Amino acid sequence: MVGTHATMAIVGAGLAGAKAAETLRAEGFDGRVILLGEERDHPYERPPLSKGYLVGTSERSEVFVHDSAWYAAHDVELHLGQPVVSIDRAARELRLGGDGDVLGYDKLLLATGSAPRPLEVPGAGLGGVHYLRRLADSERLRATLQTLGRENGTLVIVGAGWIGLEVASAARGYGAEVTVVEPLSTPLQTALGPELGEFFARLHQDHGVKFHFGASVTEIEGRDGMVLAVHTSDGQEHPAHAVLVGIGAIPQTALAEQAGLELAPREEGGGIAVDAALRTSDPDVFAAGDVAGAFNPLFGRRLRVEHWANALNGGPAAAKSMLGQEVVYDRVPYFFSDQYDLGMEYSGFAAPGGYERVVIRGDAGKREFIAFWQSSDGHVVAGMNVNVWDVTDPIQALVRARTPVDPERLADPSVPLESLL
């Protein structure tokens, strides 16, 4: 156990950072805990920003990890609106922006997250162009969607990933017209492959969303700061009153790079390189959440996971590792999405080219099924349940088992999933 006079510093006051602070106290650490956040809002969870909070079914107060009184009550020094600009690993010190204050640490956790990848085309700086990462982004976008719905306006979404599709669902719920521009041939092609990408294309088309596949955005046309149209690489013009850019995220590694910490290769997802205990190349510095490119023993490779569950579980795992406990962070990656009347959960990791077949159990036409991705040797590498509930545990157990499964039995709803282990 780390000494009671030690200082634990956490850079990044999102879900991973807040849960790490909570875990340090829950594990009995009574030294100094400092939580530093660039944003001025208390730590919050990001899924509601494209789901319940965006569509208006949840309140602002519901997005926060803890109530505002929790931090003082647990003696967590919360510094909001104070970015860390540099790390001196030799002196074990952090320098803050603004007033330039210096804070010492004994153990440091970097939970700096990721930032939206910018769209770099003419007109991308117009006032009607949105990104969705922060609470203020969600509030601004929600007001725009409400206006578009009232005025029969059109939202053009650049990128058919999870953020793009969830915003498309929200926009249609408000009554806005939606066009999605995607350079690949289906939505979610990188995440799910073309088989399930086609399924999500049909879902959104059935709700009135228009897709423009096989082209990229080359210009956003505007006048007086307002969006008028989006131009694509095949010469087409799409009328627009607002634009949402969802073309991926970039791990916020600048601090780690400045400090000389090892970074993960881009082909492995990038981020700060950490081992299975979430330690960086400096034994006193750890990383968790979106920014961490962590070696996962279950998959035998480094993964960088940009989803809620990774922050929820990675923050506590890193905190325990900071305390000197034995930690092996080998969780099955998990995420969920809500679009229209469809809810889904995905467990595992099926990289493009990393699976042989997709097996469907249930009725995809009725949108009640489980999809399994199998490797060439029959291992289940990922599973996604769509409007089928309480099956995450057996799906994750199949992924963990790393043993071949008969695809016919996998597809048969009468065969209990547990019997396939």
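These numbers come from a predicted model, not from an experiment.
- Taking CG of Leu228 as the start and CD of Glu237 as the end, the distance is 9.0 Å to the nearest 0.5 Å.
- No side-chain N or O of His231 forms a donor-acceptor pair with one of Gln236 less than 3.5 Å apart.
- The aromatic ring centres of Tyr346 and Trp373 sit less than 6.0 Å apart.
- Panel note: side chain Asp106, backbone Thr7; a donor-acceptor pair is recorded below 3.5 Å.
- Between the side chain of Ser375 and the backbone N or O of His379, at least one donor-acceptor pair lies under 3.5 Å.
- Side chain to side chain, His66 and Glu22 meet the donor-acceptor criterion of an N or O pair below 3.5 Å.
- Taking the six-membered ring where the residue is Trp, the centroids of Phe369 and Phe199 are separated by under 6.0 Å.
- No donor-acceptor distance shorter than 3.5 angstrom exists from the side chain of Glu198 to the backbone of Glu195, with no hydrogens or angles considered.
- Looking only at side-chain heavy atoms (C-beta outward), Glu257 and Leu263 come within less than 4.5 Å of each other.
- Ion pairing between Arg304 and Glu268 fails under the 4.0 Å rule for side-chain N and carboxylate O.
- Between the side chain of Ser138 and the backbone N or O of Leu49, at least one donor-acceptor pair lies under 3.5 Å.
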Could you walk me through whether Arg134 and Glu38 pass the salt bridge (charged side-chain N to carboxylate O under 4.0 Å, His left out) check? CA-CA 11 Å; Arg134 298 188 172 190; Glu38 184 179 3; 3.7 Å; yes
Could you please spell out the steps behind the salt bridge (charged side-chain N to carboxylate O under 4.0 Å, His left out) verdict for Arg95 and Asp88? CA-CA 8 Å; Arg95 184 172 296 279; Asp88 184 335; over 6 Å; no
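- Between Phe64 and Trp70, the ring center distance fails the sub-6.0 Å criterion.
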Would you sort out whether Glu345 and Tyr334 count as a side-chain hydrogen bond (donor to acceptor under 3.5 Å, both in side chains), showing the intermediate values? CA-CA 7 Å; Glu345 299 172 291; Tyr334 166 92; 2.6 Å; yes
Walk me through whether Met322 and Leu109 qualify under side-chain contact (heavy atoms from CB on, under 4.5 Å). CA-CA 8 Å; Met322 293 165 78; Leu109 172 62; 3.8 Å; yes
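- Once rounded to the nearest 0.5 Å, the distance linking CD1 of Ile163 with OG of Ser337 reads 9.0 Å.
- At a threshold of 4.5 Å between non-hydrogen side-chain atoms, the residues Gln205 and Phe200 do not count as touching.
- For the pair Ser347 (side chain) and Ile395 (backbone), a donor-acceptor distance under 3.5 Å is absent.
- Between Lys107 and Phe29, every side-chain heavy-atom pair lies at or beyond the 4.5 Å cut-off.
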Do Val167 and His130 pass the side-chain contact (heavy atoms from CB on, under 4.5 Å) test, and can you show the C-alpha distance, the side-chain angles, and the key distance before you say yes or no? CA-CA 11 Å; Val167 172; His130 296 256; over 6 Å; no
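- Leu110 is listed as a side-chain neighbour of Leu261, based on a closest heavy-atom distance under 4.5 Å.
- Crowding of Asp224 atom CG: a count of heavy atoms from other residues, nucleotides or ligands under 6.0 Å not exceeding 12.
- Gln189 and Ser185 are linked by a side-chain donor-acceptor pair at a separation below 3.5 angstrom, with hydrogens and angles left out of the test.
- Between Val391 and Ile370 there is a side-chain heavy-atom pair separated by less than 4.5 Å.
- Taking the six-membered ring for Trp, His307 and Phe336 have ring centres at least 6.0 Å apart.
- Remark: Arg301 is not positioned above the aromatic ring of Phe295, lacking an NZ or CZ atom under 6.0 angstrom from the ring centre and at most 45 degrees off the axis.
- No donor-acceptor pair closer than 3.5 Å links the side chain of Arg140 to the backbone N or O of Leu132.
- Heavy atoms of other residues, nucleotides or ligands lying less than 6.0 angstrom from CD of Glu59 number 12 at most.
- The minimum heavy-atom distance between Ala242 and Thr144, with the atom names listed, is CB-CG2, 3.8 Å.
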Give the intermediate values and the outcome of side-chain contact (heavy atoms from CB on, under 4.5 Å) for residues Leu141 and Leu54. CA-CA 8 Å; Leu141 180 59; Leu54 183 63; 4.0 Å; yes
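- Under the side-chain hydrogen bond (donor to acceptor under 3.5 Å, both in side chains) criterion, Lys51 pairs with Glu166, not counting sequence neighbours.
- Put simply, CE on Met226 and NE2 on His241 are 8.5 Å apart, with the number rounded to the nearest 0.5 Å.
- When His204, Arg367, Arg172 are each tested for a side-chain hydrogen bond (donor to acceptor under 3.5 Å, both in side chains) with Tyr340, only one passes: His204.
- Side chains of Gln325 and Glu27: a donor-acceptor N/O pair is present below 3.5 angstrom, by distance only.
- Contact between Val327 and Ala317 at its shortest, heavy atoms only, is CG2-O, 3.7 Å.
- Put simply, CG on Leu417 and CG on Asp393 are 11.0 Å apart, with the number rounded to the nearest 0.5 Å.
- Between the CG atom in Leu24 and the CE atom in Met8 there is a gap of 5.5 Å [rounded to 0.5 Å].
- Here the shortest heavy-atom pairing between Leu148 and Leu155 reads CD1-CB, 3.9 Å.
- Heavy-atom contacts from other residues, nucleotides or ligands closer than 6.0 Å to CG of Asp390 number 12 or fewer.
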Taking it one step at a time, do Glu326 and Lys320 satisfy salt bridge (charged side-chain N to carboxylate O under 4.0 Å, His left out)? CA-CA 8 Å; Glu326 290 294 323; Lys320 292 176 182 179; over 6 Å; no
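- With Thr112 contributing its side chain and Gln252 its backbone, the two residues share a donor-acceptor pair below 3.5 Å.
- Within the 4.5 Å cutoff, side-chain heavy atoms of Lys19 are placed close to those of Val65.
- The shortest distance between side-chain heavy atoms of Ile34 and Arg32 falls below 4.5 Å.
- Across Asp282, Leu94, Val285, a single residue satisfies side-chain contact (heavy atoms from CB on, under 4.5 Å) together with Ile87, and that is Leu94.
- For the pair Val359/Gln374, a side-chain contact is recorded, criterion being any heavy-atom separation below 4.5 Å from C-beta on.
- Side chain of Tyr53 to main chain of Leu135: no donor-acceptor pair is present (N/O by atom type, distance under 3.5 Å, no hydrogens or angles).
- Between Arg25 and Asp30, no side-chain nitrogen of the basic residue sits less than 4.0 Å from a carboxylate oxygen of the acidic one, so the salt-bridge criterion is not met.
- Within the 3.5 Å criterion, the main-chain N or O of Gly293 finds a donor-acceptor partner in the side chain of Arg302.
- Under a 4.0 Å N-O distance rule, the pair Asp275/Arg279 qualifies as a salt bridge.
- The distance from atom CG of Leu119 to atom CD1 of Ile220, rounded to the nearest 0.5 Å, is 5.0 Å.
- Under a 3.5 Å cut-off, the side chain of Thr147 and the backbone N or O of Ala143 do form a donor-acceptor pair.
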Test salt bridge (charged side-chain N to carboxylate O under 4.0 Å, His left out) on Arg46 and Glu39; report intermediate values, then the result. CA-CA 13 Å; Arg46 298 191 191 274; Glu39 297 183 55; 3.3 Å; yes
